[in-house]
Chemist: 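Right, I'll just put the structure down here and ask away after.
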Amino acid sequence: MRVLSPAKINLHLRVGPKQLDGFHPLVTWMVTVGLFDTLDFSLDTAGRVGLSCSDPSLPVDDRNLVVRAARLLQAEAARTSGGESSISGPVAGEPGVRIELLKVIPTGGGLGGGSSNAAVTLIALNELWGLNLPRQRLSELAAGIGSDVPFFLGGPSGICPSTICSSAICTGRGEVVSRVDSPSATWVVLMLPDMSMPTPAVYRQFDQMPFSPGWNEAIGWSQQCPPAEELLRLLRNDLEPPAFAISPELGRLRKTAETLVSRPVRMSGSGSSLFTLFSDHEVAEKAAFLIHSQLALRTMTVPIAVISNLQK
Ligand code: C5P
């Protein structure tokens, strides 16, 4: 079974003050974008969970969210069939899997690649192992893996079981997912600086900086389908000031890119990826070329709010 695992961007990200659990409440509008990792799943009848990855710098043990997702689901399968939890290793008779991960989405870029891979693993193994767990349960398991994972599952109900979510407003830590229509802008120019931003450090820096009220305002305007340039002016990311305090170079890149393309440029998640939006593919490609040639930044023009399904 093969599944394309899309990247996401946070079109809009507002962050509230740190809670007692150490996490920050969020209001974020996330959409998938047409940049994909590929995961191939095949059954392992000996109950093992094995991962191989095209990127040798990534761990293939329990530190990888794909392995964590597979083990969680294996333990869930054992629990629901009345067996023992297998979180620590293979158990004969339990479902196992061999997973090959072809990595394309940059890591540490705020594009949710690891989270997407974990969500895809939950969906694929639920099917491959014939577990028939409801989305509600998969979403609960997803929230235990990482704050961005539930987005890709699209919330507890109402989505075809084999489909990845493409556009949602997420609250709580990010795990409360309400699917919404995609924006009317259809193209995103991604700018991928060659730097990795550590999410916990960006949140720690956020805690040191003056807090901006209004973070929890509803974003009803998201559904009024404003054209790309109008929408861009409404978007905001509260993690930009702390990320640019950690990396002033990233802040300078954003500003220069904005001047070059004469439209707002935003950061996704905790960075380092930057993006801007277009309704017209040709105009988007020209802007991407300009940024690439002037700033020596890796850029790509990809569609927004892509749909991904299991392929058997
Ligand atoms: O949930 P995830 O593993 O993606 O979070 C990584 C880190 O980002 C957390 O350990 C926490 O420091 C920070 N975080 C946060 N508030 C959130 C999401 C993440 O403080 N809502």
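Whatever order the structure lists them in is the order used to number ligands and atoms, beginning at 1.
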Chemist: Restricting to side-chain contact (heavy atoms from CB on, under 4.5 Å), what partner residues turn up for S247, sequence neighbours left out?
Modeler: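 Checked S247 against side-chain contact (heavy atoms from CB on, under 4.5 Å); matches are M195, M197, E249, L250.
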
Chemist: Please round to the nearest 0.5 Å and tell me the distance separating atom CG of D37 and atom CG of L102.
Modeler: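 Output value for this atom pair is 7.0 Å.
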
Chemist: Please determine whether a side-chain nitrogen of the Lys or Arg among R79 and E76 lies less than 4.0 Å from a carboxylate oxygen of the Asp or Glu.
Modeler: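 Yes.
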
Chemist: Say you draw a straight line from OG1 of T121 to CG of L51; how long is it, rounded to the nearest 0.5 Å?
Modeler: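 Result: 8.0 Å between the selected atoms.
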
Chemist: Parallel, tilted or perpendicular: which fits the ring planes of H281 and W187, with parallel below 30° and perpendicular above 60°?
Modeler: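 If you compare the ring of H281 with that of W187, the planes turn out tilted.
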
Chemist: As an exercise, state the distance from CG of N10 to CG of L111, rounded to the nearest 0.5 Å.
Modeler: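 Atom-to-atom, N10:CG and L111:CG are 9.0 Å apart.
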
Chemist: Heavy-atom cut-off of under 4.0 Å around ligand 1: list whichever protein residues fall inside it, by chain and number.
Modeler: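 Ligand 1 pocket, heavy atoms under 4.0 Å: G22, F23, H24, L26, G146, S147, R173, T199, P200, Y203.
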
